[in-house]
Structure formats: C-alpha cells, structure tokens
Chemist: 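Mind having a look at this structure? Questions to follow.
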Number of protein chains: 2
Amino acid sequence: MKEPKRQKLAAAGWTVGGAADFLDLSAPEAAFVEVKLALSQALRLLRTRKRLTQGELAGQLRSSQSRVAKMEAADTTVSIDLLVRALLHLGAKPRDIAKAIT
Amino acid sequence: MKEPKRQKLAAAGWTVGGAADFLDLSAPEAAFVEVKLALSQALRLLRTRKRLTQGELAGQLRSSQSRVAKMEAADTTVSIDLLVRALLHLGAKPRDIAKAIT
DNA sequence: AATGATTATGTCAGCTTGGACATAACACAA
DNA sequence: TTGTGTTATGTCCAAGCTGACATAATCATT
C-alpha cells in the first residue's frame, strides 16, 4: 500500500495492511508468515476437497483435531514442517507445495 | 527405479537409490526429505553466490557456524522453518522458495 | 609440510513445538 | 430450542529443535 493512502486510513482510526504492518514484522519475518499462511490455506483446501473432517485427517496423521485446526489457522505453535508433512500425507507432491507458496 | 534393475545392482553389492530406499521411508517422508534437501542446496547456493562464509551468515542470522553447516547438510536436527527463515534473510522471496522446491 | 581459513561433527542446556485433553463456539437440521 | 456434528481455543508436558561450544576435518596458499 502506498503511504499517502495508508495515512489517510490510519487517520480514520484504522490499522491498515497485512500482518506485517500490524505486528511490525521485518521483511523476512513478514515473508515467513506469508509462506505459512499459503500452506495453511492449501491444507484446508486439500482437506475439504477430499471431504474429510479435521478429526478424520488428524487420525491419518496420528495427530489431533485441535492440532489440525491450528494448522489451518497458521497458529504460532505450528511449524512449516508440520504443514508440509500434512500436505504430503494428503497426497500433495513437492511441486504442489511450491505451487501453493507461489 | 524398477525392481529388476534394483535387484541386479543390489546383487553387485550396491545399495541403490535415494534416501527413501536406503532409509526405508514412506512416500510422504521421502518427499519431505526431498523438499528439505532442495532448500538446503538453495541455501548453500545463495550463500556462496554472495561470497559469505558460514560464519558470516551465522552472524547475520544470529546463529552459529555449526548450525549453518547443519542447515546446508540438511541435518535431521534442522527444521524447514529454519531453512526458510535463512533463505528469506538472504533476500530470497517466497517465489524463490517455491522455485527451489520445484 | 606448515599455516591459516573454512567447513563438518558431536554434545548439551534451554526454548519451542507437538499430541492430547477439555471445553467453547459455530452451523444446521429437526 | 435442542440436539448433533464440526471447528476453534486454551493448557499441559514430552519430544524435538536451536544456539553455542569444542574439536575434527578440508582446503588453499606458501
């Protein structure tokens, strides 16, 4: 977002922009959450396409429903490793992971 | 690899194939190490292109030379999170990460 | 070969993440 | 509304990861 527009909206009492602006992240950190968000969204998409509940997927992953929920919410306690593993277990190929990130 | 060929080579005393064959990994696990290896290689490439030593990079990342060495070796104690963070700190964009994985 | 620079490997205390559980919140049909 | 299925959130502690250090191994230059 261009700065003038941001100031205008900020003046109206809004905090504008993505997670980077709000949490005041450095560029690399912002890119990191961007990647994580992309993967979490890909996971939810793949799961719902297969018409699985979070609980069912958790069973396949030998994990728990609550953790799957956190994966899809890109919770801070969830690593990219876990997201990648989950995607691969759902049949995604490395190429699909790459596609999701792009 | 096709099984006949593998048997032939195995008979000659060789252990043939990638990490998956050797460590007897499931398909998702094999794909996981594949992704990790791709990222570790991308890291070394990016670092050497910038003519940085492992120690210098470690300084920028507030880590240690030994850990950077492990990152580039795709050591089991290194997470994909750490690799991604390192790449992003070196200026890689999410798109570059995707490219490396593909 | 000897020196200096860089990279590799082993270990460990401390921090982070994972699975599990409980429970709340939501969606939607009866 | 009440019930049923699904998803979200908070907490615990065990398992896994991280930075740091020591030291070994490589490599390049002389």
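Lettering of chains follows the sequences in order, A, B, ..., and the numbering in each one begins at 1.
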Chemist: Write down the atom of B/Leu43, the atom of B/Leu57, and the distance for their closest heavy-atom approach.
Modeler: CD1-CD2, 4.2 Å
Chemist: Return yes if some donor-acceptor pair links the side-chain N/O of B/Lys36 with the main-chain N/O of A/Asp81 below 3.5 Å, else return no.
Modeler: no
Chemist: What is the nucleic acid contact for A/Ser64, judged by heavy atoms within less than 4.0 Å: base, sugar-phosphate only, or nothing?
Modeler: base
Chemist: Of all the nucleotides listed (D/dT18, D/dT7, C/dA8), which has the minimum atom distance to the side chain of B/Leu82?
Modeler: D/dT18
Chemist: Distance check needed: C/dT11 C1' versus B/Gln65 CD, whole Å only.
Modeler: 15 Å
Chemist: At 4.0 Å (heavy atoms only), tell me whether B/Thr77 reaches a base, stays on the sugar-phosphate, or touches nothing.
Modeler: base
Chemist: Under 4.0 Å, counting only non-hydrogen atoms across every strand here, what does A/Val68 touch: a base, just sugar-phosphate, or nothing?
Modeler: nothing
Chemist: Whole-Å distance between D/dT9 C1' and A/Met71 CE?
Modeler: 15 Å
Chemist: Roughly how many Å is it from CG in A/Asp81 to C1' in C/dT17, rounded to a whole number?
Modeler: 10 Å
Chemist: Looking at B/Gln54 and C/dA8, is any side-chain donor or acceptor paired with a base atom of the opposite kind under 3.5 Å?
Modeler: no
Chemist: With a cut-off of less than 4.0 Å, is there a side-chain N or O of A/Ser63 near OP1 or OP2 of C/dG19?
Modeler: yes
Chemist: May I ask you to evaluate whether A/Ser79 reaches the phosphate of D/dC17, defined as a side-chain N or O under 4.0 Å from OP1 or OP2?
Modeler: no
Chemist: Contact class for B/Ser66 vs. all strands (heavy atom < 4.0 Å): base, sugar-phosphate, or nothing?
Modeler: base
Chemist: Taking only the side-chain nitrogens and oxygens of A/Arg47, find out if one of them lies under 4.0 Å from OP1 or OP2 of D/dT7.
Modeler: yes
Chemist: Under a 4.5 Å side-chain heavy-atom rule over Ile, Leu, Val, Met, Phe, Trp and Tyr, are A/Leu87 and A/Leu61 clustered together?
Modeler: yes
Chemist: Whole Å only: how far is the CD atom of A/Gln60 from the C1' atom of C/dG19?
Modeler: 17 Å
Chemist: Can a salt bridge be assigned to the pair B/Glu56 and B/Lys50 using a cut-off of 4.0 Å between side-chain N and carboxylate O?
Modeler: no
Chemist: Mind checking if A/Thr48 touches a base, just sugar-phosphate, or nothing, with heavy atoms under 4.0 Å?
Modeler: nothing
Chemist: Quick one: is C/dA8 close enough that its OP1 or OP2 comes under 4.0 Å of any side-chain N or O from B/Arg44?
Modeler: yes
Chemist: For DNA chain C, whose closest nucleotide is more 5', that of B/Lys70 or that of A/Thr76?
Modeler: B/Lys70
Chemist: What's the separation between atom NZ in B/Lys93 and atom OG1 in A/Thr102, rounded to the nearest 0.5 Å?
Modeler: 14.5 Å
